[in-house]
Number of protein chains: 2
Amino acid sequence: MSRLTPHDVAPTSSAAAPGTSADLTDVWDQWLAPLEAADHAYVPVRVAGVLRRAISAGQILPGSKLPEVKITDRLGVSRHTLRSAFQMLAADGLVDRQPNRGVFVHEPTGEDVREIYRIRLILETGAVRTTVFPPEAVQQLKQITRGAERAREAGDVPAMAQANQAFHQRLVAQARSPMLDELMSKVLARMRLVFAGRRGDPDFHSTYVAGNVKLADLLSRDQRQEAEEHLVNYLLSAERDLLRRLEN
Amino acid sequence: MSRLTPHDVAPTSSAAAPGTSADLTDVWDQWLAPLEAADHAYVPVRVAGVLRRAISAGQILPGSKLPEVKITDRLGVSRHTLRSAFQMLAADGLVDRQPNRGVFVHEPTGEDVREIYRIRLILETGAVRTTVFPPEAVQQLKQITRGAERAREAGDVPAMAQANQAFHQRLVAQARSPMLDELMSKVLARMRLVFAGRRGDPDFHSTYVAGNVKLADLLSRDQRQEAEEHLVNYLLSAERDLLRRLEN
DNA sequence: GGTCACACGATTGTTCAACAATAAGTAGGT
DNA sequence: ACCTACTTATTGTTGAACAATCGTGTGACC
């Protein structure tokens, strides 16, 4: 205790500082509650989960810096544990590590969006073309679309977005490859990053519920060729639409 | 400079260690030399590189355990740094982390091979179908195949394998997606893991040099449909061949 | 002799404390 | 206003310590 480290005085100073980052601190306290001794899973995994949720929910906006000491104080973990969690988030592409500068929430660009749809085009059409969809798989897809339609009627935008992502994740899962599933998760996480912070947007997802329904319908009839064409148009128009929204 | 980093004294200590398991230690010492103060890159990245090379070269066989203290002694880094490197290798799928047990070099299974070719089928045909191959891209592909042919004539199996992987990596790169490039690297790394330790094998790769040449030729004439069909057959027969070799 | 329980030892997971190295901010001089 | 040097804050890395867990060997008991 001989050395007076900066974070020993940080809480008081942040509380004393009125305008600079008081509101920000409150938000962080809200979402970055100290870890409960829940399960015996690795602490870094839990920490990464907390941060992942906070980021995907748009509570920590793209471009924000994630200071080590602040978060370790909030979460009650050591810096090493947090750095391990950062490494996982960086591998997911949710976060960018700048040498000797720190970790920042990734700011998606227009090129990111274009890459996302290039990947999705290859992955999803690949899954449709190279695999057969057994009845139970089609059932799962239709179940998801039913949930999406309920969410649309209820005006529950987050639930609609979630169902939409689940639908396309399930589509890729048909390729039966954990590595592809992982990549698709990564892509969809980056997708959520694009939506983060612009939730006042008119519901982007409602347009595509019908597209998913039609796709599931084509797959249920095993009209693979038509399903693939429909999927291509679906993805291309979604990309166009999204890019147009980002520009203005 | 002024600081006496651990790897400055590591050589003497590692040489002084007599060795409970002499043969094993010797092999490790050969490949896991203490880090030189090469560039200013992150130490964990360098450590991961050393281990990656040792594993891909087949010097550390699949299934081997990677004990923390032994490797930290050899490399002259702290346990934290090594664990960070382990995390990178685990993200690459080169290594499996067993909770409270340790880190082991991944042992590829037959299912791994099947997954690899499912992924390659989707990725490579996707790249061929969704992108155009400009003359310079075709030139690069042909240049790689020329190197492969030279390696085949010289009987240089590792060079042939390397050229083969470079060819298909280049193919995927045409999709212009860093994330897909990363996945392909991961897939090819796992591929090298399959070959690791069985280098007495008759040259598996020579069969496919001709296949690559033909594929590049079809692409240079922009015969996309034929190129795709050729690629599908190429991958399916490679998978069949490889699985047959693994069984006996 | 076989089997179960328990204790011991080795290894991994996590924290704390310290220091080096780089980046950012600030004061001072011109 | 601009450049420079100093100060400060933050990141990168190490070391030591301890808790938690796994594996193993040993001994009691049947």
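All of these numbers come straight from a predicted model, not from anything done at the bench. Proteins get letters first, then strands, A, B, ... in listed order; numbering begins at 1 in each.
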Under the salt bridge (Lys or Arg N to Asp or Glu O under 4.0 Å) test, residues paired with [X] that sit two or more places apart:
X      : result
A:R192 : none
B:E107 : none
A:E111 : A:R114, A:R118
A:R79  : A:E68

What pairs meet the ring-ring contact (aromatic ring centres under 6.0 Å, His included) rule with one or both residues in [range], with sequence neighbours excluded?
range                       : answer
residues 45-64 of chain A   : none
residues 101-120 of chain A : none
residues 64-96 of chain B   : A:H80-B:H80

*asked:* List the residues meeting side chain to side chain contact (heavy atoms under 4.5 Å, CB included) with A:D181, not counting sequence neighbours, and say none if there are none.
replied: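 A:Q169, A:V172, A:A173.
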*Partners passing side chain to side chain contact (heavy atoms under 4.5 Å, CB included) against A:T131 (at least two apart in sequence or in another chain)*: A:F133, A:Q174
d([atom1], [X]; [atom2], [N]) in whole Å:
X      : N      : atom1 : atom2 : result
A:K65  : D:dA9  : NZ    : P     : 13 Å
B:R79  : C:dG13 : CZ    : P     : 8 Å
A:F104 : D:dT10 : CZ    : P     : 12 Å
B:E68  : D:dG15 : CD    : P     : 14 Å
B:I71  : C:dT11 : CD1   : P     : 13 Å

*So does B:Q143 have more than 12 non-hydrogen atoms from other groups sitting under 6.0 Å from CD?*
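Atom CD in B:Q143 is not crowded, with 12 or fewer foreign heavy atoms closer than 6.0 Å.
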When you compare the protein's N or O atoms with those of nucleotides 6-9 of chain C, which come within less than 3.5 Å of each other, and at what distance?
none

*Between the side chain of A:K65 and the main-chain N/O of A:R101, is any donor-acceptor distance below 3.5 Å?*
yes
*Report the nucleotide, chosen from C:dA18, C:dG13, D:dT10, that has the shortest atom-to-atom distance to any side-chain atom of A:Y42.*
C:dG13
*What residues in residues 89-103 of chain B put a non-hydrogen atom under 4.0 Å from any atom of DNA chain D?*
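Under 4.0 Å from DNA chain D: B:N100, B:R101.
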_DNA chain D contacts among residues 80-88 of chain B, heavy-atom distance under 4.0 Å_ =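 Only B:H80, B:T81 qualify.
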